[in-house]
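Written out below as structure tokens is the structure these notes cover.
In what follows, chains carry the letters A, B, and so on, assigned in the order in which the sequence lines appear, proteins first and then strands, with residues in each chain numbered from 1. What you see below is based on every heavy atom in this structure, not just the backbone, and it leaves out hydrogens, waters and symmetry mates. All of these numbers come straight from a predicted model, not from anything done at the bench.
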Amino acid sequence: MSVIDYKEIEAKWQASWKENQVYKVDDTSDKPKYYVLDMFPYPSGAGLHVGHPLGYIASDIFARFKRMRGFNVLHPMGFDSFGLPAEEYALQTGVHPAKSTEQNMTRYLEQFSNLGFSYDWSRKLFTSDPNYYKWTQWIFTQLFDHYFDVKDQVAKPIEELLAIFKESGNASANAATSQEETFTAEQWKGYSKAEQSEILMNYRLAFRKVGYVNWCEELGTVLANDQVKDGLSERGGYPVEQKAMTQWYLRITAYAERLLNDLNDISWSDALKTIQGNWIGRSEGASIEFELDGREEKIEIFTTRPDTIFGATYMVLAPLHELVGQITTADQKAKVEEYVNYVKSKSEIERMAEKETTGCFTGAYAINPFTKEKVPVWIAEYVLKDYGTGAIMAVPSDDERDNNFAKKFELPIIEVVDKSAHPGAGMADKVGTMINSGFINGMKVKEAIKTVCDKVKEMGIGESHINYKMRDANFSRQRYWGEPFPIEFDGDGVPHALSLDELPVKLPVTNDFKPGTGGKSPLSRMEEWVNSKPGYTKETDVMPAVAGSSWYYLRYMDPNNDGTFAAKEKIDYWQDVDLYVGGSEHAVAHLMYARFWHKFLFDKGLVPTNEPFKKLINQGMIQGVIEFIYLLKEKEDGLSKFICTELLSKYGTEKDIARIPIYVDYVQDYGSDKSYLNIESIEKFIAWRKEYADAIFECGYGTYHKGKFTPKSDGACDLHLYTHSEVGKMSKSKFNVINPDDIIAQYGTDCFRMYEMFLGPIEQSKPWDTNGIEGVSKFLKKLISLYVNEEGQWIVTDEPSSDEAKKVFHKSLEKIQKDILAFSMNTGVSAFMICINELKKLKTHNRDILEPLAQTIAPFAPFLAEELWHRLGHEGSIHLTKYPEVNPQYLKEDNFTYPICVNGKKRALLSLPADASKEEIEKAALALDEITKWLEDKQIIKTIVVPQKMVNFVVK
RNA sequence: GCCGAAGUGGUGGAAUUGGUAGACACGCUGGAUUCAAAAUCCAGUUCUUUCACGAGAGUGUGGGUUCGAUUCCCACCUUCGGUACCA
């Protein structure tokens with residue numbers, strides 16, 4: 001037992017900090033502001049797991065450091081409390097999501113408190129709170145009421161667009177749009193209200209269009225991608241197909257250019273910027289129309305290589321392209337339908353990952369506008385409906401996938417680019433000289449691209465076009481536990497945004513969360529709610545979880561404001577997030593949507609900055625071990641059968657076997673190569689999954705069935721059913737969540753905090769283990785022993801410390817500060833360990849070192865530091881004191897130890913004065929016996945002397 | 001498939017702009033203390049070879065640039081994250 005009882009001091013200081021509101025922050029101050037934000041968690045039923053605090057601890061250290069460095073630090077926390085798991089739980093148990101979510105939040109709050117974070121809890125928010133989602137809904141109505149002016153690159157009120165339509169139709173409007181037809185002012189005025197509304201949908205930043213969802217007929221519901229495995233529903237294993245449905249979307253594509261360009265202005269990692277850039281996927285090219293042989297319809301394609309059009313020997317449409325049904329010939333109809341059904345049974349990700357080349361001929365032919373040749377029109381899963389125009393001209397000579405496809409289906413390949421002058425250039429490289437290409441023969445690729453673009457424009461069949469891979473964001477969920485849309489439809493089915501005084505549209509209370517009919521949300525069945533306003537019906541879809549998280553960082557600035565989403569003067573003070581820390585798994589979705597919303601609010605003059613998160617750090621994930629047991633897909637004599645991993649080959653291939661994840665706690669030696677289930681484990685498993693009570697469990701030593709173990713031969717060992725272990729995300733659905741609670745109870749919060757930091761670089765992912773925690777625990781005890789002896793006596797003296805001890809401290813202080821600023825917390829902890837080891841050796845008990853030492857470690861070990869501070873005789877919190885300054889006087893080194901190398905290999909060490917000249921260094925090195933023996937009979941060709949680095953002799 | 005990241009002792013990891021590979025810990029081995037254990041302290045611990053001194057090899061694999069490469073370049077392998085409805 002340590003001389004300081006961490007449980008006692010944790011309770012004491014938690015209460016004291018709360019009572020004295022140590023971490024409460026004002027919205028005005030003479031100090032410079034600093035905003036440190038953590039990605040808020042979804043309050044899962046499994047509780048906060050050991051992966052969450054990794055980023056939270058690091059940002060807390062940073063926030064505490066900044067505070068002690070004289071900044072006014074905003075460091076808030078809240079909950080992303082809308083989400084699918086709570087609704088799934090409600091479906092299974094009948095517990096209302098609001099209730100389970102609240103319970104989970106209470107649990108999280110306790111865990112947060114135990115972790116000693118310096119959050120200003122008076123700013124707590126959660127996205128499922130009507131006082132919060134009122135403003136989420138309000139921002140949505142603003143998106144609905146705006147369009148994007150492409151020329152000015154700014155959002156404008158829809159009224160301005162209406163004025164343009166009335167004045168001169170839509171041809172002159174520079175708006176981001178999905179509208180294809182043009183109309184005149186007269187035509188516009190002649191349209192009905194419903195028709196006008198339909199057209200405006202093609203302009204609004206929040207709009208409705210048809211999109212595809214994962215539809216499961218058996219379950220009567222729409223499924224998340226996460227809930228679909230191998231084309232079957234995870235729950236029940238029923239078929240899932242792509243179903244068309246009218247849904248809400250956000251026109252994020254309008255902001256693509258700004259989202260891309262403004263990446264240059266923010267301090268994010270290059271990797272993350274690259275990911276976002278690739279996600280936006282800007283590509284320059286041309287859209288070109290191909291006529292169909294003997295038909296009215298035309299196929300519009302997008303290509304980045306218009307120069308290769310003479311090599312376009314076939315066309316490919318996305319299988320879900322609307323033209324497919326129209327152009328397919330009678331004799332190909334059956335085959336095409338079969339193929340489309342096959343594609344519909346697969347998720348997009350599965351289709352993209354498909355290694356095998358698949359496709360189907362439609363029977364139709366298009367006309368290459370330049371060669372006038374008839375080219376066959378195919379459909380294939382490698383062309384995606386939502387990318388570009390959902391159709392391509394295939395040029396097998398210059399595109400890898402087209403090439404594979406052409407080879408497989410024996411389609412012609414015409415070489416059109418001579419790359420002989422560019423050895424090593426790949427198919428996709430835009431270099432070479434055009435051949436077999438009519439009027440562009442002999443041109444360089446770049447020139448040919450421009451020439452073809454000009455030509456198609458002249459011919460009236462196309463134009464230069466910038467395409468983005470990024471798609472508009474599907475914003476509808478056919479679910480209950482999300483923000484209701486602030487939208488009502490009138491008698492003509494025209495949607496209207498509700499005004500602010502009608503918000504929030506509260507989620508109706510119900511205990512029945514089953515989906516509505518035809519894939520509609522559960523809300524559709526609540527007729528009273530849907531029809532509460534005479535003559536109107538409410539939208540019954542709800543918003544996705546990204547809605548609430550797209551602007552929450554602004555609400556923290558003014559969390560309780562009922563008159564606006566956040567008061568202007570408070571936003572003007574806090575501006576934006578200076579440092580944002582969160583998991584790398586959010587690299588695109590959340591960060592892209594939040595940037596989009598922020599830019600929209602900026603356009604409206606509601607926020608003063610163009611980007612929300614100045615600096616961002618992506619922490620790696622703490623992974624868990626996922627344990628699986630193998631279940632035969634076919635029952636044996638009507639009984640389920642689980643088999644040991646070692647028997648896998650006996651029972652056929654992976655195809656015949658399902659992998660069932662199991663609670664890691666049930667598994668013996670989990671995570672190791674030899675993880676296994678014994679009889680006790682199986683009994684726990686059966687108690688949990690009662691449907692397997694009758695199952696047979698077979699391992700190499702025997703079988704277990706209904707409580708009885710039958711060995712295979714006499715004297716066989718116990719049951720050892722080996723399991724399959726994998727490393728993966730910690731998740732409730734994988735039954736592998738490890739909570740920090742037990743570790744904190746055993747070692748204390750300060751130790752847990754420092755251990756998580758000691759694990760390794762913050763950005764790196766790694767599986768959780770507690771192997772090294774003893775070392776950190778010992779370190780803290782050693783630290784305490786500088787202040788208090790084993791008998792519990794206070795041993796700090798007022799005598800001045802030695803220069804040697806001061807040197808140790810100030811060198812450590814310098815390193816630690818540098819590490820905190822670089823977010824290199826693991827090396828910071830190491831620096832503390834080295835510092836304490838040396839101070840211990842020097843028997844340092846002097847107040848002039850131990851006081852600043854306590855302040856130095858305060859951001860890392862807040863409880864212990866506070867306790868020591870008070871025992872040192874101070875009133876008030878250590879966390880509100882000023883961080884110690886480095887005294888450069890103690891950083892100087894008199895000597896440097898040189899490695900002396902021969903041919904790059906270290907042969908000796910030599911300590912010399914730090915200011916020794918090159919000549920002196922060389923001379924001293926050559927005098928060493930260890931070196932002369934390597935130089936005998938050899939000739940020195942070159943001598944490299946780098947002061948304060950090394951010496952190298954090159955010999956022959 | 002595509003995009004991004006990582007790969008260093010038995011383990012987690014360290015190593016300024018290319019300059020002593022393995023800091024700091026865990027584990028292990030031996031010793032001290034103890035009736036014994038825990039705890040604590042001391043010493044050792046990349047591998048091969050050697051009684052030892054020493055020598056050789058070594059940062060996922062294969063090449064390259066350099067006096068010198070964990071670090072830079074090329075090709076590949078493995079693992080993890082994302083891939084638009086998990087959050």
Side-chain angles (χ1 to χ4, degrees), chain A residues 1 39-42 44 80 82-85 88 213-214 222-228 252 269-272 274-279 281 347-355 382 386 400-401 424 469-479 544-546 549 583-590 592-593 618 620-621 623 727-729 731-733 755 758-761 763-767 769-776 778-779 781 790 818 824 826-827 829-834 837 897-906 908-909 941-944 946 948-955:
Chain A
M1 191 70 220
M39 287 186 190
F40 61 171
Y42 173 77
S44 148
D80 193 10
F82 273 132
L84 194 49
E88 291 289 308
V213 294
N214 298 313
V222 176
L223 296 174
N225 288 336
D226 218 40
Q227 298 172 309
V228 183
I252 189 172
S269 70
D270 289 339
L272 189 55
T274 307
I275 292 173
Q276 288 225 336
N278 290 337
W279 177 271
S347 71
E348 196 167 278
I349 187 166
E350 285 170 329
R351 269 185 269 153
M352 284 189 289
E354 181 62 64
K355 280 181 191 153
Y382 78 93
D386 289 317
E400 201 85 44
R401 285 177 304 181
K469 196 159 79 199
M470 181 165 68
R471 312 200 289 253
D472 285 328
N474 181 341
F475 216 61
S476 274
R477 300 291 181 270
Q478 292 72 30
R479 304 216 168 253
V546 292
S549 60
S584 49
E585 68 273 26
H586 300 284
V588 221
H590 158 60
M592 194 70 84
Y593 295 128
N618 264 151
M621 304 181 73
Q623 290 144 340
V727 168
K729 230 164 146 172
S731 145
K732 203 186 171 193
S733 63
Y755 177 60
F758 189 56
L759 272 176
E763 324 80 46
Q764 231 162 76
S765 294
K766 60 214 133 232
D769 77 72
T770 53
N771 284 338
I773 198 163
E774 286 292 342
V776 177
K778 275 187 217 165
F779 153 75
K781 281 178 192 153
E790 279 170 41
K818 222 169 91 194
S824 177
N826 56 328
T827 53
V829 175
S830 294
F832 272 117
M833 287 175 168
I834 294 166
N837 286 345
T897 302
Y898 283 89
I900 315 298
C901 308
V902 178
N903 282 343
K905 196 140 192 91
K906 183 184 68 172
L909 289 175
I941 307 171
K942 199 171 176 183
T943 305
I944 295 135
V946 185
Q948 306 266 18
K949 279 266 157 64
M950 47 68 69
V951 177
N952 189 18
F953 296 107
V954 185
V955 301

Residue A/Lys906, side-chain heavy atoms: nucleotide from B/rC3, B/rU20, B/rA23 that is nearest: B/rU20
Just by modelled atom types, is the A/Val222 backbone N or O under 3.5 Å from a matching donor or acceptor in the A/Arg479 side chain? yes
Please classify the nucleic acid contact of A/Thr897 as base, sugar-phosphate, or nothing, using heavy-atom distances under 4.0 Å. base
Per-nucleotide protein contact string for nucleotides 82-87 of chain B, where B marks a base within reach and S marks sugar-phosphate only (heavy atoms under 4.0 Å, - for neither): SBBBBB
With a 4.0 Å cut-off on heavy atoms, is A/Ile773 in touch with a base, just the backbone sugar-phosphate, or nothing at all? nothing
Exam field: side chain A/Asp80 to backbone A/Pro41, donor-acceptor pair closer than 3.5 Å: no
Which whole-number value in Å describes the distance from A/Tyr755 OH to B/rG12 P? 11 Å
Tell me, do A/Trp279 and A/Met470 make a side-chain contact under 4.5 Å, heavy atoms counted? yes
At 4.0 Å (heavy atoms only), tell me whether A/Ala587 reaches a base, stays on the sugar-phosphate, or touches nothing. nothing
Determine the Euclidean distance between corresponding P atoms of B/rU46 and B/rC80; express it in Å to zero decimal places. 31 Å
Taking only the side-chain heavy atoms of A/Asn952 (C-beta and beyond), determine which of B/rU20, B/rG13, B/rC67 contains the nearest atom. B/rC67
Anti or syn - B/rG44, cut at 90° from 0: anti
When you compare B/rG13 with B/rG60, how far apart are their P atoms, in angstrom units rounded to a whole number? 14 Å
Minimum heavy-atom separation for A/Gln276 to A/Ala587, with atom names? NE2-O, 3.0 Å
Could you tell me whether a side-chain N or O of A/Lys766 sits under 3.5 Å from a main-chain N or O of A/Gly620, the two making a donor and an acceptor? no
Testing B/rA15, B/rG4, B/rC67 for proximity to the side chain of A/Val954, the answer is B/rC67
Which value, in whole Å, describes the distance between the P atoms of nucleotides B/rA15 and B/rG7? 12 Å
Treating A/Asn952 as the side-chain partner and A/Val954 as the backbone partner, does any N or O pair qualify as donor plus acceptor under 3.5 Å? no
With both pairing distances under 3.5 angstrom for Watson-Crick or G-U wobble, and | for a partner in another strand, the correct string for RNA chain B is (((((((..(((......[....)))((((((.......))))))((((....))))..(((((..]....))))))))))))....
Donor-acceptor pair present, A/Lys766 side chain and B/rU11 base, under 3.5 Å: no
B/rC2 phosphate, OP1 or OP2: any side-chain N/O from A/Asn278 under 4.0 angstrom? no
Given B/rC26, is OP1 or OP2 found less than 4.0 Å from the side-chain N or O atoms of A/Lys778? yes
Looking for any heavy atom pair under 4.0 Å, which part of the strands does A/Tyr382 touch: base, sugar-phosphate only, or nothing? nothing
May I ask you to evaluate whether A/Asn618 reaches the phosphate of B/rG81, defined as a side-chain N or O under 4.0 Å from OP1 or OP2? no
Closest approach to the side chain of A/Lys905, judged atom by atom: which nucleotide of B/rA23, B/rA57, B/rU20 is it? B/rA57
